[in-house]
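One structure is given below, encoded as structure tokens.
Both counts, for ligands and for their atoms, begin at 1 and track the order of listing. The figures here come from the full heavy-atom set of this structure, side chains too, leaving out hydrogens, waters and symmetry mates.
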Amino acid sequence: MRGRLITIEGLDGAGKTTLALALRDELVDRGHDVRLLREPGGVPVAERIRGLVKDPGLQVAPRTEALLYAAARAQLVGEALRPLLEAGAWVLLDRFVDSSLAYQGAGRELGVEQVGAINEFATGGLRPDRTLLLTIDPSLGLLRARAREAPPDRLEQEPTAFFGVIAAAYAELAAAEPERVRVIDASEPPARVLDAALAELADLFRPT
Ligand code: TMP
């Protein structure tokens, strides 16, 4: 594949969307063909699943939740990610498999390995070229997320402790794959977060 897949991960309220928008502008300035996508979503089937899985009025069992995220991802990979990467685009993706490993594998206690296995099936093994992990204190992230979205969605209604578990799982994923997953302190102002992100992507800009 000729393009690049860059995923952005972190707790709700960490500032992923702000960073994604700023990075898109920077990459466009550098002459890349850039596409910004989000999970769950990005293509019509996945956007429908997003509505389901975020609905605070629904009870969704943990295994169902993991499968819904994986189903949305499978559609995004087949319909958008692979064709875009094959055409040489730089894809900035707000959340990917690591979200499921952290939220469903650790947060819902389904096990990172089991959730990894269904996602291997869903993605056909597609891996990001780089993952930017934005770290933030879980209670601060929740405050920001809840201020932005009222009423809070189904996941944002979970207690702060749930997000502490997810933050710890993300840290483990980063420690296990330091080459791919780069940790960025999201409590810094947006311009500093952008600079840090660009520094972590620098080697990808060089011709391979
Ligand atoms: P967001 O796009 O507003 O961040 O909402 C997505 C929510 O879904 C967020 O609470 C994180 C959660 N999520 C998972 O639990 N697992 C996943 O695989 C993905 C992509 C998101």
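Checked by distance only, ligand 1 and R95 come closer than 3.5 Å through their nitrogen or oxygen atoms. Checked against a 3.5 angstrom limit, the closest N/O atoms of Y69 and ligand 1 fall inside it.
Between R50 and ligand 1 there is a heavy-atom distance shorter than 4.0 Å.
Judged by a 6.0 Å distance limit and a 45° cone about the ring axis, R108 is not positioned over the six-membered ring of Y103.
For atom 10 (O) of ligand 1, the nearest non-hydrogen atom from the set V115, V53, D12 belongs to D12. For atom 3 (O) of ligand 1, the candidate residues are R38, R108, K54; the nearest heavy-atom contact is made by K54.
Within the 4.5 Å cutoff, the side chain of E9 has heavy atoms near those of the S99 side chain. When side chains are defined from C-beta on, T123 counts as touching F96, because their heavy atoms get closer than 4.5 Å.
Considering only non-hydrogen protein atoms, atom 15 (O) of ligand 1 sits nearest to Q104 NE2, 2.9 Å. For atom 20 (C) of ligand 1, the nearest protein heavy atom (residue, atom name, distance) is R73 NH2, 3.5 Å.
The two atoms that bring G13 and I136 nearest to each other are O-CD1, 3.6 Å, heavy atoms only. Minimum interatomic distance between E200 and R130 (heavy atoms only, all atoms of both residues): O-NH1, 2.8 Å. The shortest non-hydrogen separation linking R154 to D55 is CD-O, 3.2 Å.
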Apply side-chain contact (heavy atoms from CB on, under 4.5 Å) to residues L201 and D129 and explain how you reach the verdict. CA-CA 9 Å; L201 299 176; D129 294 285; over 6 Å; no
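Within ligand 1, the atoms closer than 4.0 Å to a non-hydrogen atom of S100 are 17 (C), 18 (O), numbered from 1 in the order shown. Residue-ligand proximity, L155 to ligand 1, at heavy-atom distances under 4.0 Å covers atoms 10 (O), 15 (O).
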